[in-house]
Enquirer: 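Let me begin by handing over the structure; questions about it come next.
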Amino acid sequence: MIPYFEQAYRTIVDNAMRSFLTITGLVIGVGAVVMIQVIGTGMAGAVNLVLGNVSSDVFVVEVNATQPHYDRALITAADLGELTQLPNVAMAIPLPAKNAVVRHGHAHGRYTLSSDAAVPFDNAPLAAGRRFTQAEIDGAADVAVISHDVAVRLFGTDDPVGQNVYEGARRFLVIGVLAPARAGIVPIVFGQDISVPYTRMVRQYARQARFTAVRFDVRSESDMKQTETDVMDRLRALHADKRLEYSSADKAQFNNGVNGVFAAITAVVGLIGAVSLLVAGIGIMNIMLVSVTERTREIGIRRAIGARRQQVLLQFLVEALMLCGFGCGLGLAIGLALGGAVNALAIVKLTGYVAPLPWASSALLAAAVAVIATLAFGTYPAYRAAKLDPIKALRYE
């Protein structure tokens, strides 16, 4: 086999410009597909890492604010008691929030004061302190977990844990501090400015007991979608109005949305790449046919001195394989380089998260394209060369 590769290599090198122009379509097609695969996987992976802090057994139901029956759709405390009777609902927690001026000593700022259940991001890491105990939640204690930004602005370099912050005359003991945002251009941190037990939030700031959003904890994640539907249907039944509009959100919806967007982009670019590869394959077939024509007399001589048809066939198949291999290899290198550069210079800097990239699958993709292109577009020229009549080939000028 080695002599076949040596001969094919010499032929490609002797016609370097023609060979390069022949494989340009392969380079562009493979490079584009690999690049978008790397970028899409990197972006989707980064977003999924971002969403890693989202609890998968929690969803939120909100009242659609644009509906004509908004007041009737508001969720009441009595509704919560009924909703917790649903088989898969472990807990229903209202989500009131308030913008307020919070101070510590002479430092102050306007922040969002909300409950610990305000978003389904329970896994946001802590930099210091602890979370609320069940006793503090049951007793509606005046304790708070603050964000890193609030800690820096109100306490500077001091340790906030164990100190107090004030909202009006109300005092809250700081028991925990959230970790700082990831070091990306867009700061990504889950959690509120200042979180207090939801029982305190409801008692202090939601006396009307009518809510626009409620968090639900489920017992079984596998029944999440059905539970969301059951909750919204039960709310309409409790309010005796099928026209009421609610929406739900959970981790799976976020993930599916992100993956769907990048899957669509990858499919479109893949289609463009496929067209480019088709054009490149036709170009390879054309050049190989030209090569067969140019070397007709050479083929006749080889056949005359004893070369079999299988050997001639293999000679031109190896040449086609090397052309496709060079094109796909160069396209792979360019695609990986550009995709990796975009990932490192844009996606990582934007999100602060480094996702594993599909180097192995990209290499397999390029190898598969090379083999398919060889078989699809190199077989006919090689077969035509092998079928040449030795006598006619020797007479060819």
Side-chain angles (χ1 to χ4, degrees), residues 48 51-67 69-98 112-124 131-141 143 145 190-192 195-257:
N48 287 331
L51 295 176
N53 289 325
V54 181
S55 297
S56 57
D57 60 350
V58 169
F59 69 91
V60 172
V61 170
E62 291 184 288
V63 178
N64 290 355
T66 58
Q67 63 180 302
H69 313 288
Y70 177 77
D71 289 338
R72 291 193 61 184
L74 290 173
I75 304 169
T76 67
D79 293 337
L80 299 183
E82 292 291 333
L83 293 171
T84 53
Q85 301 304 311
L86 292 173
N88 197 37
V89 174
M91 186 181 300
I93 305 172
L95 307 178
K98 176 185 179 182
T112 299
L113 191 68
S114 58
S115 77
D116 58 310
V119 285
F121 301 139
D122 291 323
N123 299 325
R131 300 191 181 278
F132 306 118
T133 64
Q134 191 60 48
E136 289 168 338
I137 295 174
D138 294 341
V143 292
V145 173
F190 295 119
Q192 309 307 296
S195 298
V196 301
Y198 76 90
T199 47
R200 165 51 58 197
M201 198 69 197
V202 171
R203 182 179 301 179
Q204 186 69 23
Y205 302 105
R207 294 191 182 93
Q208 78 280 7
R210 301 177 75 201
F211 312 105
T212 60
V214 175
R215 161 188 163 155
F216 293 88
D217 290 33
V218 300
R219 293 186 173 89
S220 172
E221 296 178 23
S222 61
D223 297 327
M224 175 79 76
K225 299 307 298 182
Q226 184 60 48
T227 304
E228 293 177 26
T229 301
D230 292 344
V231 165
M232 291 184 284
D233 289 345
R234 179 65 66 87
L235 282 171
R236 295 185 186 97
L238 290 171
H239 294 228
D241 192 340
K242 294 182 178 180
R243 299 170 298 174
L244 301 183
E245 300 175 7
Y246 301 94
S247 60
S248 63
D250 57 49
K251 181 177 181 177
Q253 291 180 16
F254 293 138
N255 284 336
N256 292 339

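The first residue of the sequence shown is numbered 1, and numbering continues consecutively from there.
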Enquirer: Report yes or no: does Tyr246 contribute a side-chain atom to a donor-acceptor pair with the main-chain N or O of Ala73 at less than 3.5 Å?
Expert: yes
Enquirer: With a 3.5 Å distance limit and no angle check, can you tell me whether Thr84 reaches the backbone of Ala92 through a side-chain donor-acceptor pair?
Expert: no
Enquirer: Is it the case that the side chain of Arg215 and the backbone of Ile93 share a donor-acceptor pair, with hydrogens and angles ignored and the cut-off at 3.5 Å?
Expert: no
Enquirer: If we ignore angles and hydrogens, is there a donor and acceptor under 3.5 Å between the side chains of Asn88 and Ser220?
Expert: no
Enquirer: Rounded to the nearest 0.5 Å, how far apart are CZ of Arg219 and CG of Asp57?
Expert: 12.0 Å
Enquirer: I'd like to check Thr212 versus Leu74 (side-chain heavy atoms, cut-off strictly below 4.5 Å). Are they in contact?
Expert: yes
Enquirer: Do Thr227 and Asp230 have a side chain donor and acceptor closer than 3.5 Å?
Expert: no
Enquirer: Ignoring hydrogens and geometry, is there a side-chain-to-backbone donor-acceptor pair from Asp241 to Arg243 under 3.5 Å?
Expert: yes
Enquirer: Would you name the heavy atoms of Val60 and Ala213 that are closest together and state the gap between them?
Expert: CG1-CB, 4.4 Å
Enquirer: Minimum heavy-atom separation for Pro94 to Leu80, with atom names?
Expert: CD-CD1, 3.7 Å
Enquirer: Which heavy atom of Leu244 sits nearest to which heavy atom of Arg72, and what is that distance?
Expert: CD1-O, 4.0 Å
Enquirer: Testing the basics here: between Thr133 and Glu136, what is the closest heavy-atom pair and its distance to 0.1 Å?
Expert: N-OE1, 2.9 Å
Enquirer: Got Arg200 and Val143 here, is their nearest side-chain heavy-atom distance under 4.5 Å?
Expert: no
Enquirer: Do Val89 and Val231 have side chains that get closer than 4.5 Å, going by heavy atoms?
Expert: yes
Enquirer: Classify the ring geometry between Phe216 and Phe59 as parallel (under 30°), tilted (30 to 60°) or perpendicular (over 60°).
Expert: parallel
Enquirer: Considering only heavy atoms from C-beta outward, does the side chain of Asp79 approach that of Glu82 to under 4.5 Å?
Expert: no
Enquirer: For residues Gln67 and Glu245, report the shortest heavy-atom separation together with the two atoms involved.
Expert: NE2-O, 2.7 Å
